[in-house]
Amino acid sequence: FHPHSSMGLTALLLLTLVALGLAEVWRRRAQRMPGVTNQVTGPFFIGGLLHFLKNFDRNNDWLTEMTLRFGGRNWGCTVPKFGPFSGGFVSVCDEASVEHVLGTNFENYIKGEKVRDYFHEFLGEGIFATDGAPWKSQRKIASHMFSQRLLKEGMKVALFQGGKVLQKLDAAASKQTAIDLQNTFFRFTIDTFCFIAFGIDLNSLETDHPFAKAFDMTQQGVYERYRRPFWRLARFFNVAEERVLAEQAHAMDSFANDIIHSRRRELSSGSPLGPDLLSRFLVDAAGGDKAMTDSELRDVVINFVIAGRDTTACALSWSFYELVKYPGMVAKLREEFEPVMHNFVAAYKSGSSSSNHNTTSPDDDNDNDNSSSVSYKDLTELPYLHAVVSEVLRLHPSVPKQSKYAVNDDVLPDGTHIAAGRCIVYSAYGMARNPNVWGPDAREFRPERWLHSDGTLQPQPSAFKNLVFNAGPRLCLGKPLAYLEIKLMLAMILSLFDVRLDGPVSDAYPNSLVLCLQHGLPVRISRRGG
């Protein structure tokens, strides 16, 4: 049509009105979530997407800032109707709402197909990705894993691998060179948890291991999908980042499957198997009615490594990040665990076990009850050590945020409406900094908040308030093992060495599944008492 004709002008006007009308419809759909009082919004159909993308690499702090902006109350962020947050998400910020989502109405909030799709190469069909009957089956298996026997084996392995850490710190002290403590802890925990899981010593404290590299790259690769809207297309054509991810996931799975096949051959030949989790599963299955497939074994064991490796390494790193700032706390810790660590330290310094630093191979048949070892029971009875570890985990939660999806429409205790299919985000990092939850000193590192005035431990707060180990039916079964590993390493290192920062260290973190220090933790080590 000719733009200067009356008919053309009328048609142009109509098209303009229709376009504006459609834009307004999209604007309203994207900008507002019915029944959600506090919202982050934006122009037209993009909603709060620009806010979200701008803060993507610092999303833990952004979630916290928005929570404080809305007075510590639940709030929502609208985005276009595609991607993992299709239409937007609701951030639950108060204890009552968290309890409703993770506890009271647990069945209505699931991981969902989106999480399984995004993280499939890493989590498989393991406990962290499944819902319903498959999750219950995985949970039952996991509950049998985390027994007193596992804690005993975990103590043996941690003492053995911890001895290697002491050797590295001793070497750094002798050479007067800086060492990245966070990198050391990540190597320690991959060696520790792989030994517990597979019965294999990666020895990554001495040299890089392909499995450790594949594990790290697969984990980060699946997480990075949140910033790549067309990752499925790239996966289909096996190009770009998805090709790298597929290669690393294959390397990780090949390592696990090779060990599984080797253990099956040993079992069929009548060879005795070790105390590692994989061997225990195979032996138990051989004596039962239902054998586990290779895929099921891979998912169970890899998810165990996922649960313990990064989370424990992060907690240890943040522990020293905080403690180097507070010499008084370090002195108090040493005073408390000196009676427990006395024989260990004496044997270490005398050189009576210098070849392995008072540790024996975890394959050796002993219960760590020799005079120069460390007792699990003794470590659990140190209140100030427990308070310090609890405060580190509260303020620097290893898994800073998680998400779920609503199955049906729901209403939270504060009246916030949750539509079916809506993504729910809950942030342990944000909750820890919310004065409505932890009081006006929420941002302070203060272990005393966990203690009575006489130094004894206060009753533990609700898991719905302190989300470090999740809460409700999905409460982490590995909590005792995590505390054990962290306490043991703190006691071993601080009993023998002084640690100071090698220059300023930032508390910046990378955008990843876990909360670690973006630039590592470079420190200087010196031996205590010469």
Side-chain angles (χ1 to χ4, degrees), residues 38-40 48-77 79 83-85 88-95 97-98 101-102 115 118-119 128 182 186 216 219-220 222-227 306 310-319 321-322 390-404 423-438 441-445 463-471 476 505-521:
N38 307 303
Q39 296 189 36
V40 177
L49 182 63
L50 292 181
H51 293 280
F52 179 76
L53 293 177
K54 179 182 178 182
N55 293 281
F56 187 75
D57 287 325
R58 57 180 298 275
N59 56 69
N60 295 313
D61 283 302
W62 179 69
L63 288 170
T64 303
E65 289 161 7
M66 291 300 99
T67 297
L68 298 180
R69 169 182 159 185
F70 293 119
R73 297 183 293 273
N74 298 331
W75 57 278
C77 178
V79 298
F85 306 116
F89 64 86
V90 172
S91 177
V92 292
C93 312
D94 64 83
E95 185 177 345
S97 295
V98 170
V101 170
L102 302 184
V115 169
Y118 271 69
F119 291 95
F128 296 119
Q182 178 171 261
F186 270 83
D216 289 339
Q219 177 177 222
Q220 191 61 26
V222 295
Y223 184 79
E224 286 293 322
R225 286 171 168 170
Y226 278 96
R227 71 163 86 233
I306 291 168
D310 286 13
T311 52
T312 305
C314 290
L316 281 167
S317 302
W318 286 109
S319 294
Y321 170 85
E322 292 291 355
S390 297
E391 184 68 351
V392 168
L393 290 169
R394 181 194 73 86
L395 198 57
H396 307 288
S398 297
V399 182
K401 61 188 176 299
Q402 298 190 61
S403 62
K404 299 187 109 179
C423 179
I424 300 297
V425 175
Y426 54 104
S427 169
Y429 184 96
M431 290 273 285
R433 288 156 176 76
N434 188 344
N436 291 357
V437 178
W438 287 97
D441 62 351
R443 288 178 175 269
E444 296 178 21
F445 181 74
F464 302 109
K465 172 181 178 179
N466 188 36
L467 281 167
V468 174
F469 292 97
N470 216 327
C476 178
V505 174
S506 167
D507 63 356
Y509 52 83
N511 188 17
S512 65
L513 279 172
V514 294
L515 189 72
C516 58
L517 288 152
Q518 185 166 12
H519 305 294
L521 188 62

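Everything quoted here is computed from the prediction, not taken from an experiment.
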Q | Reported OG1-to-NZ distance for the pair Thr64 and Lys401, which is rounded to 0.5 angstrom | A | 10.0 Å

Q) Are the side chain of Asn434 and the backbone N or O of Leu68 linked by a donor-acceptor pair below 3.5 Å? A) no

(Q) So which atom in Cys93 and which in Met431 form the shortest heavy-atom distance, rounded to 0.1 Å? (A) O-SD, 2.9 Å

Q) Centres of the Phe52 and Phe85 rings: under 6.0 Å? A) yes

Q. Once you round to the nearest 0.5 Å, how far does CG of Leu63 lie from CZ of Phe89?
A. 5.5 Å

Q: Apply salt bridge (Lys or Arg N to Asp or Glu O under 4.0 Å) to Glu322 and list each qualifying residue two or more places apart in sequence or on a separate chain.
A: Lys325

Q: Taking all non-hydrogen atoms of both residues into account, name the closest pair between Gln518 and Tyr509 and its distance.
A: OE1-O, 3.5 Å

Q | Atom pair OG (Ser91) and CH2 (Trp62), whose distance is rounded to the nearest 0.5 Å | A | 8.5 Å

Q. Would you say the side-chain atoms of Asn436 pair up with the backbone N or O of Arg73, donor to acceptor, closer than 3.5 Å?
A. no

Q. Between Phe56 and Asn511, is a side-chain contact (heavy atoms from CB on, under 4.5 Å) present by the stated rule, with each step listed?
A. CA-CA 8 Å; Phe56 187 75; Asn511 188 17; 2.8 Å; yes

**Q.** side-chain contact (heavy atoms from CB on, under 4.5 Å) between Arg225 and Val222, worked out
**A.** CA-CA 6 Å; Arg225 286 171 168 170; Val222 295; 4.1 Å; yes

**Q.** Under 3.5 Å donor-acceptor, Gln182 side chain and Leu517 backbone
**A.** yes

Q: Verify side-chain contact (heavy atoms from CB on, under 4.5 Å) between Arg227 and Asp57, making sure each step is shown before the conclusion.
A: CA-CA 10 Å; Arg227 71 163 86 233; Asp57 287 325; 2.5 Å; yes

Q: For side-chain contact (heavy atoms from CB on, under 4.5 Å), just list the numbers for Lys465 and Val437, CA-CA rounded to whole Å, side-chain angles, deciding distance to a tenth of an Å, and then say yes or no.
A: CA-CA 7 Å; Lys465 172 181 178 179; Val437 178; 3.6 Å; yes

Q. Side chains of Thr311 and Phe469: does their closest heavy-atom pair fall under 4.5 Å?
A. no

Q | Electrostatic pair Asp61:Arg433 at N-O distance under 4.0 angstrom | A | no

(Q) Just verifying a value: how many Å separate Cys77 SG and Asn38 CG, rounded to the nearest 0.5 Å? (A) 12.5 Å

Q | Minimum heavy-atom distance between Cys314 and Ser398, given as atom pair plus value | A | CB-OG, 4.0 Å

Q. Rounded to the nearest 0.5 Å, how far apart are CG of Asp94 and OH of Tyr426?
A. 15.0 Å

Q. At their closest point, which heavy atom of Val468 faces which heavy atom of Leu393, and how far apart are they?
A. CG2-O, 3.1 Å

Q: Find the distance between CG (Leu515) and OG (Ser317) and round it off to the nearest 0.5 Å.
A: 10.0 Å

Q: Identify, with sequence neighbours excluded, every residue that meets side chain to side chain contact (heavy atoms under 4.5 Å, CB included) alongside Ala471.
A: Leu102, Ala463, Phe464, Leu467

Q) Between Arg394 (side chain) and Ala442 (backbone), is there a donor-acceptor pair under 3.5 Å? A) yes

**Q.** Asp310 to Gln219 - nearest heavy-atom pair and separation
**A.** OD2-NE2, 2.5 Å

Q | Residues that Tyr321 engages under ring pair (Phe, Tyr, Trp, His ring centres under 6.0 Å), provided they are two or more places apart | A | Trp318

